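See below for the structure under consideration.
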Amino acid sequence: MNDCLFCKIEKGEIPSSKVYEDEDVIVFKDIAPKADVHLLVVPRKHIIGLNDLLPEDQALMGKMMLLLPKLAKEQGLENGFRTIINTGKGGGQEVFHIHIHLLGNTSKKSLPFV
Ligand code: AMP
Ligand code: ZN
């Protein structure tokens, strides 16, 4: 946990381009954006990934889900957006602190199909 990049960002030990924060969640720009808008929605609590969620995390994860459309609207993603949660090395997870990617283009161009 001490070595966790997103815990360090959460504590302000590593800088980030934050766009939102509250007592439970921080949101900052991905350092290597894959679309016009690419945000990472991260709980302050260190949870490794979806496989590690506990019943007590249900409200927190629900809160993050409800935040997504608000952030998308604020970022001008009126045309739609994509959310991704990578789980484990096989799922492409690189940072082992759970996060939701929020991606979208501000112009009319759509994201490629996956
Ligand atoms: P994942 O592959 O789902 O674990 O996603 C990790 C994401 O974190 C990648 O999209 C990286 O570009 C992003 N990332 C890595 N380091 C930083 C950083 N210091 N600030 C913001 N985003 C980062
Ligand atoms: Zn962490």
Side-chain angles (χ1 to χ4, degrees):
M1 196 190 297
N2 290 338
D3 268 351
C4 173
L5 176 65
F6 288 175
C7 281
K8 287 181 180 160
I9 288 177
E10 189 272 326
K11 288 185 212 139
E13 293 172 7
I14 289 177
S16 67
S17 299
K18 235 179 265 175
V19 303
Y20 173 88
E21 67 180 313
D22 64 26
E23 67 275 25
D24 301 309
V25 182
I26 60 169
V27 181
F28 51 89
K29 293 182 184 175
D30 195 294
I31 205 164
K34 308 291 190 301
D36 294 344
V37 175
H38 187 170
L39 303 180
L40 300 173
V41 180
V42 181
R44 289 189 186 278
K45 180 182 177 187
H46 180 84
I47 301 166
I48 295 172
L50 287 179
N51 286 327
D52 306 279
L53 288 170
L54 300 171
E56 70 199 39
D57 299 321
Q58 188 162 325
L60 174 61
M61 295 306 292
K63 179 174 180 174
M64 288 164 64
M65 294 299 282
L66 268 67
L67 187 58
L68 293 165
K70 293 182 188 162
L71 291 165
K73 198 168 181 195
E74 276 172 22
Q75 296 287 322
L77 302 179
E78 312 290 354
N79 201 31
F81 58 92
R82 177 171 294 160
T83 48
I84 300 170
I85 304 176
N86 295 322
T87 304
K89 278 196 171 28
Q93 188 173 4
E94 291 179 336
V95 177
F96 290 87
H97 180 137
I98 199 167
H99 52 281
I100 306 175
H101 295 254
L102 169 60
L103 297 129
N105 288 324
T106 45
S107 62
K108 289 278 179 205
K109 63 179 187 277
S110 295
L111 291 168
F113 289 106
V114 291

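Quick note: residue numbers are just sequence positions, from 1. Read the numbers this way: they start at 1 and go in the same order the structure lists the ligands and their atoms. Not measured: the values here are computed from a predicted model.
- Scanning the protein heavy atoms around atom 4 (O) of ligand 1, the nearest turns out to be E94 N, 2.7 Å.
- If you look at H97 and ask which of its N, O or S atoms sits nearest the Zn ion (ligand 2), the answer is ND1.
- Using a 4.5 Å cut-off between side-chain heavy atoms of Ile, Leu, Val, Met, Phe, Trp and Tyr, with links allowed through other members, F28 and I47 fall into different hydrophobic clusters.
- When only non-hydrogen protein atoms are considered, atom 5 (O) of ligand 1 lies nearest to H99 NE2, 3.0 Å.
- Annotation for ligand 1: atoms under 4.0 Å from non-hydrogen atoms of F28 are 21 (C).
- Listed by atom number, the atoms of ligand 1 under 4.0 Å from D30 heavy atoms are 7 (C), 8 (O), 9 (C), 10 (O), 11 (C), 12 (O), 13 (C), 22 (N).
- The aromatic rings of H101 and H38 sit tilted, their planes meeting at an angle between 30° and 60°.
- By the criterion of a heavy-atom distance under 4.0 Å, neither the backbone nor the side chain of F96 is placed next to ligand 1.
- Nearest N/O/S atom of H46 relative to the Zn ion (ligand 2): this is ND1.
- Annotation: H101 places an N or O atom under 3.5 Å from an N or O atom of ligand 1; distance criterion only.
- Listed by atom number, the atoms of ligand 1 under 4.0 Å from N86 heavy atoms are 1 (P), 2 (O), 3 (O).
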Dump the intermediate steps for side chain to side chain contact (heavy atoms under 4.5 Å, CB included) on I98 and L53, then the final yes or no. CA-CA 9 Å; I98 199 167; L53 288 170; 4.2 Å; yes
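- No part of I14 comes within 4.0 Å of ligand 1, judged by heavy-atom distances.
- Between R44 and V25, the closest heavy-atom pair is CG-N, 4.0 Å.
- None of L77, V114, L102, N105 except one satisfies the side-chain contact (heavy atoms from CB on, under 4.5 Å) rule with R82; the exception is V114.
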Trace of the side chain to side chain contact (heavy atoms under 4.5 Å, CB included) decision for I85 with Q93: CA-CA 8 Å; I85 304 176; Q93 188 173 4; over 6 Å; no
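- Both L67 and V37 belong to a single network of hydrophobic side chains, linked directly or stepwise wherever heavy atoms of I, L, V, M, F, W or Y lie under 4.5 Å apart.
- The CD1 atom of I100 sits 10.0 Å away from the CG atom of L71 when rounded to the nearest 0.5 Å.
- The proximity of I84 to ligand 1, defined as any non-hydrogen pair under 4.0 Å, does not occur for either the backbone or the side chain.
- Of all atoms in ligand 1, listed by their number and element, those nearer than 4.0 Å to a heavy atom of K29 are 21 (C).
- For the residue pair I26 and E10, the shortest heavy atom distance occurs at CD1-CA, 3.7 Å.
- Ranking the protein heavy atoms by distance from atom 2 (O) of ligand 1 puts G92 O, 2.9 Å first.
- Of the protein's heavy atoms, I31 N, 3.1 Å lies nearest to atom 22 (N) of ligand 1.
- Among all protein heavy atoms, the one lying closest to atom 16 (N) of ligand 1 is L5 CD2, 3.3 Å.
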